[in-house]
Protein chains: 2
Amino acid sequence: MASIKDVAAAAGVSVATVSRVLNAHPSVSADARARVLAAVEELGYRPNAVARSLRTDQTHTLGLVISDVLNPYFTELARSVEEEARALGYSVIIGNADERPELQDHHVRNLLDRRIDGLLVSPTDGGSPLMLDAARAGTPMVFVDRWIPGLDVPVVRADGRAAVRDLVAHLYALGHRRLAIIAGPAATTTGSERVEAFRDALAEYGLALPGAYIGQGDFQAESGRRVTEGFLDLPEPPQVVFAADNLMALGALDAVRARGLRVPDDIALAAFDDIPWFVHTDPPVTAIAQPTGELGRAAVRALVDRIEGRTPRSVTLPARLVVRRSCGEPAAPAQAPSADLSPSPVQRSTS
Amino acid sequence: MASIKDVAAAAGVSVATVSRVLNAHPSVSADARARVLAAVEELGYRPNAVARSLRTDQTHTLGLVISDVLNPYFTELARSVEEEARALGYSVIIGNADERPELQDHHVRNLLDRRIDGLLVSPTDGGSPLMLDAARAGTPMVFVDRWIPGLDVPVVRADGRAAVRDLVAHLYALGHRRLAIIAGPAATTTGSERVEAFRDALAEYGLALPGAYIGQGDFQAESGRRVTEGFLDLPEPPQVVFAADNLMALGALDAVRARGLRVPDDIALAAFDDIPWFVHTDPPVTAIAQPTGELGRAAVRALVDRIEGRTPRSVTLPARLVVRRSCGEPAAPAQAPSADLSPSPVQRSTS
DNA sequence: GCACGGCGTGGAATCGATTACACGGCACCG
DNA sequence: CGGTGCCGTGTAATCGATTCCACGCCGTGC
């Protein structure tokens, strides 16, 4: 592969001049510039990003460590992150932690070794020493979706409290009184927050959230199934199951169906995180939708602000309830009943 | 951040010795090794991968350029690719082309600039000059899923011919005679091959595939909707729509539902590419399943073979038909009728 | 007519690693 | 006892860029 030296030789100038041309430095004669550009074209020269990074100590690369690529929520997040980063002149390297802390550490270490300019993390746990050290050592960092308390790191996330309250109102209006939740890992902020928001909302209606109605999941489908089976085995099973993420909702749907029961007739189902597929499931699933794309973009902007010396801001955006049919008819007033017939969110503009 | 010089100074040795310790070179005394290791620990030293790559001309990184991250098929592919690469000591940088050739080129160029050791591509089009040049210039490369004819590049893919034949047999047995297909872009191999396989299979049953029953899609949901609407507007609409990928199937489902029609009573639906969500849609969708994980792993092995000087092999694995309810009852003999009640493929082992 | 300033340019240092080569010391062999 | 060879180590070149500094040249102003 041609290097800057080859270009310099071909153009009859020094490497310094070539570098100046490539970096749009003003101090280059028109003549030299033309000869350099001709040589670049001729040789098909492309600057070696590795060498450049070594010298400038910048990689123009962001690391994104997410909890689970197979979760459509995170896939969409990753997509919007890459898009915004590209618009700002950065590339993104994605690390999939698969909800496993040790894998998360592996990726963080790998990304740090590659000297990425900044790190976007949706932590799988409460924070490993590695991550805490990196944050304290001054690695530009932004948390997205989930975060680790006690660190001076900006957080970009959705606030689901209001939407959870709307959901409970909706369920109450439909006559449901025994409501259960499949929680995420307590070590994650989203894991514990959603339970809390749910409990608080229930309290407003004078409803309790007994221990038996809190199932411990891990954000994966299998745990949703297991927990739901436990609920169904109770002497007095809940009338509604609220899953703290979309994969666990899927597992719950499986468990209900495996018993030959029907949603919502025998038991109602709702989920945190809305995804395009919920429109097409049987029945369409009532869910709390996060502004995922906007979260990804805001997170990138905050991180790049931090990298480029500006002051990053934490951002909290509201989530909203999307009513479909999995909790019973008729649809609540908050939402048009035809929601599940509207054009699928799977489509997107590609202009 | 501490560099190798700091470690050398702290350990009282030269940088060469530090490097030798870190690279397990035999010619180091036990004493020196111990002092170096102690210094490494003390300083929290981590080798700079950028500098190392510059010197050794290896990044231990693979580039993966896929057509669409939001397509669960490619998400799963990406996941298995990363997993196998990690097992072999490589990292993966994913580029999402979004079915747009210019975006594909952007990522290929970016990855080449970063001097990735090899490239895994599922081309969005027939091959840009950039990609052809890279292949001919000797960049280690492997095509996965889709490929570009006429290049000496190994291809790892699934063969769907037999499964398409099974599908047609299934449809024929259910009494369907007017079968239509939503094709992918003709510029992609999977786009044209699937139509051909479908036509050939129909011919075996003495059925024709008229032009009106071939809709041109682009592998995105919206095109599936549009094409399906066209089918439904025909004087004699087809009895079955076969979508060449899962997103277009989703669009088709939307279009059918928007007319107030029902699958499979009014029109049947089948898809190429099986995804976990097809179990949960209304109705569960009959699909052709690729061995996605195995494809990703095989592709990485081929690429790493090529990178490390061994001879890579092309791999073709069979796809298989998974019958569910979207083409009509009763389920075909080829598959257990309870397929859609089996544990969801969304779960996975995490051991 | 001379000094000064700015512009275009090249030489060389530098980033942080790897590695070829040289060198001193010690052991072993003849 | 001297030569050979290996072992452990350090010096320095190198990868491909960026950038500081110095230098030569030219134009301008006094």
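Below, chain A is the first sequence line, B the second, and so on; all start at residue 1.
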How long is the gap from CZ on Arg109(B) to CG on Asp113(B), to the nearest 0.5 Å?
8.0 Å

To the nearest 0.5 angstrom, please state how far the CZ atom of Arg114(A) sits from the CZ atom of Arg52(B).
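Arg114(A) CZ to Arg52(B) CZ: 11.0 Å, rounded to 0.5 Å.
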
Between Arg20(B) and Leu54(B), which residue's closest nucleotide on DNA chain D lies nearer the 5′ terminus?
Arg20(B)

Please determine if a side-chain N or O atom of [X] lies less than 4.0 Å away from the OP1 or OP2 oxygen of [N].
| X | N | result |
| --- | --- | --- |
| Ser27(B) | dG8(D) | yes |
| Thr56(A) | dA17(D) | no |
| Asn48(A) | dC15(D) | no |
| Lys5(B) | dA17(C) | no |
| Ser19(B) | dA17(C) | no |

Please work out if Asp57(A) contacts a base, only the sugar-phosphate, or nothing of the nucleic acid, heavy-atom cut-off 4.0 Å.
nothing

Applying a 4.0 Å non-hydrogen cut-off, can you work out what Val50(B) is touching in the nucleic acid: base, sugar-phosphate, or nothing?
nothing

Indicate yes or no for a side-chain donor-acceptor contact from Thr75(A) to the backbone of Val69(A) under 3.5 Å, with no hydrogens or angles considered.
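Pair found, side chain donor or acceptor close to backbone of Val69(A).
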
Got a donor-acceptor contact below 3.5 angstrom from the Asn23(A) side chain to the Ser19(A) backbone?
yes

Below 3.5 Å, does any donor atom in the side chain of Arg55(B) face an acceptor in the base of dT14(D), or the other way round?
yes

Between the base of dG8(C) and the side chain of Arg33(A), is there a donor and acceptor pair under 3.5 angstrom?
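Per atom types, no contact qualifies.
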
Given atom CD1 of Ile4(B) and atom P of dT19(C), what is their separation to the nearest angstrom?
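Those two atoms, CD1 and P, are 11 Å apart.
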
d(NE2, His25(B); C1', dT18(C)) in whole Å:
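One finds 11 Å between C1' of dT18(C) and NE2 of His25(B), rounded.
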
Toward the 5' end of DNA chain C, by each residue's nearest nucleotide, Val15(A) or Ser29(A):
Ser29(A)

